[in-house]
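Model, not experiment: these values are computed from the prediction.
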Amino acid sequence: MDPIEVFKALANETRLNILLWLKDPGANFGPQGIHFSEPIDLKGGVCVESISERAGISKSTASSYLTMMRRAGLLLSERHGKWTYYRRNEKAIRELARYLDTEL
């Protein structure tokens, strides 16, 4: 984890909100994966379209934000067909909490 990249990613209210919303995707987003004919384990992931709608931003802006957060290690992504689903990287978030507790 690069703390500078993490702090850059979190220095935007919308990106911070996305991370907060993804803590409880069931409460913050509608059903996911409904366009698949067979059930798929999305592991709590949420598609870019749902995130962009909730945030009130374009899909391209949402994709850019999500990519930045994934590169910082805060999110994990998984591709299913033409859709990419994002979820929190809880291990990295715990690592960040430890960093804040011990280093700052």
Side-chain angles (χ1 to χ4, degrees):
M1 175 194 68
D2 179 354
I4 300 299
E5 292 305 312
V6 170
F7 294 135
K8 283 181 187 177
L10 297 177
N12 171 286
E13 183 178 5
T14 301
R15 290 191 298 263
L16 182 59
N17 283 335
I18 291 168
L19 195 62
L20 293 170
W21 297 331
L22 288 174
K23 187 172 184 176
D24 187 359
N28 292 299
F29 300 98
Q32 298 297 303
I34 58 176
H35 46 274
F36 294 111
S37 57
E38 299 290 324
I40 293 177
D41 181 9
L42 301 173
K43 301 175 189 131
V46 177
C47 71
V48 175
E49 185 171 355
S50 294
I51 293 169
S52 70
E53 286 175 4
R54 173 75 198 258
I57 56 178
S58 70
K59 287 182 211 170
S60 63
T61 299
S63 290
S64 174
Y65 284 1
L66 293 164
T67 297
M68 179 183 200
M69 295 169 72
R70 184 182 51 77
R71 285 186 180 148
L74 296 168
L75 298 180
L76 299 170
S77 65
E78 197 169 289
R79 191 141 178 95
H80 294 280
K82 63 180 181 176
W83 295 278
T84 302
Y85 290 81
Y86 289 87
R87 66 183 186 277
R88 288 166 44 116
N89 182 347
E90 297 299 338
K91 181 180 175 188
I93 292 169
R94 285 190 304 275
E95 193 177 308
L96 174 62
R98 277 192 299 277
Y99 175 81
L100 291 170
D101 186 47
T102 60
E103 301 295 325
L104 290 182

Q: Establish, from distance only, whether the side-chain atoms of Thr61 and Ser58 form a donor-acceptor pair under 3.5 Å.
A: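 Yes - a donor-acceptor pair under 3.5 Å links their side chains.
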(Q) Under a 3.5 Å cutoff, is there a donor and acceptor pairing between the side chains of Thr84 and Glu78? (A)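 No, no side-chain donor-acceptor contact under 3.5 Å.
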Q: Look at the rings of Phe36 and Tyr85 and say which category their plane angle falls in: under 30° parallel, 30 to 60° tilted, over 60° perpendicular.
A: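 It falls in the tilted class, 30° to 60°.
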**Q.** Ring geometry between Tyr99 and Phe7 (parallel below 30°, tilted from 30 to 60°, perpendicular above 60°)
**A.**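 Tilted.
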**Q.** Worked verdict on Leu100 versus Leu96 for side chain to side chain contact (heavy atoms under 4.5 Å, CB included)
**A.** CA-CA 6 Å; Leu100 291 170; Leu96 174 62; 4.3 Å; yes
Q: Give the minimum heavy-atom separation between Leu74 and Ala9, together with the two atoms involved.
A: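 So the minimum-distance heavy-atom pair works out to CD1-CB, 4.1 Å.
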Q.
On a heavy-atom basis, which atom in Ser52 and which in Ala62 lie closest, and how many Å separate them?
A.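 Residues Ser52 and Ala62, closest heavy atoms: CB-CB, 3.6 Å.
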Q.
Determine whether Ile57 and Ile51 satisfy the following criterion, side chain to side chain contact (heavy atoms under 4.5 Å, CB included), listing intermediate values before the conclusion.
A. CA-CA 9 Å; Ile57 56 178; Ile51 293 169; 5.8 Å; no
Does any N or O in the side chain of [X] come within less than 3.5 Å of the main-chain N or O of [Y], such that one atom is a donor and the other an acceptor?
X: Ser63; Y: Lys59; answer: yes
X: Asn89; Y: Leu76; answer: no
X: Asp101; Y: Ala97; answer: no
X: Ser50; Y: Val46; answer: no
X: Glu90; Y: Arg88; answer: no

Linked, directly or transitively: [X] and [Y] (ILVMFWY side chains, under 4.5 Å):
X: Leu10; Y: Leu104; result: yes
X: Phe29; Y: Val48; result: yes
X: Trp21; Y: Val6; result: yes

Interatomic distance, [X] atom [atom1] to [Y] atom [atom2] [nearest 0.5 angstrom]:
X: Asn12; Y: Met68; atom1: CG; atom2: CE; value: 8.0 Å
X: Ile18; Y: Glu13; atom1: CD1; atom2: CD; value: 11.0 Å
X: Arg87; Y: Ser77; atom1: CZ; atom2: OG; value: 8.5 Å
X: Arg70; Y: Leu66; atom1: CZ; atom2: CG; value: 9.5 Å
X: Leu75; Y: Met69; atom1: CG; atom2: CE; value: 4.5 Å

Q. Between Arg98 and Glu95, is the closest basic N to carboxylate O distance under 4.0 Å?
A.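 Judged by the 4.0 Å cut-off on N to carboxylate O distance, Glu95 and Arg98 do not form a salt bridge.
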Q: Sequence neighbours left out, what passes side chain to side chain contact (heavy atoms under 4.5 Å, CB included) with Glu53? Give chain and number order.
A: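 Glu53 satisfies side chain to side chain contact (heavy atoms under 4.5 Å, CB included) with Glu49 only.
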Q.
Checking Leu19 against Ile93 for the side chain to side chain contact (heavy atoms under 4.5 Å, CB included) test, could you report, in this order, the C-alpha distance in whole Å, the side-chain angles of both residues, the deciding distance, and whether it holds?
A. CA-CA 10 Å; Leu19 195 62; Ile93 292 169; 4.0 Å; yes
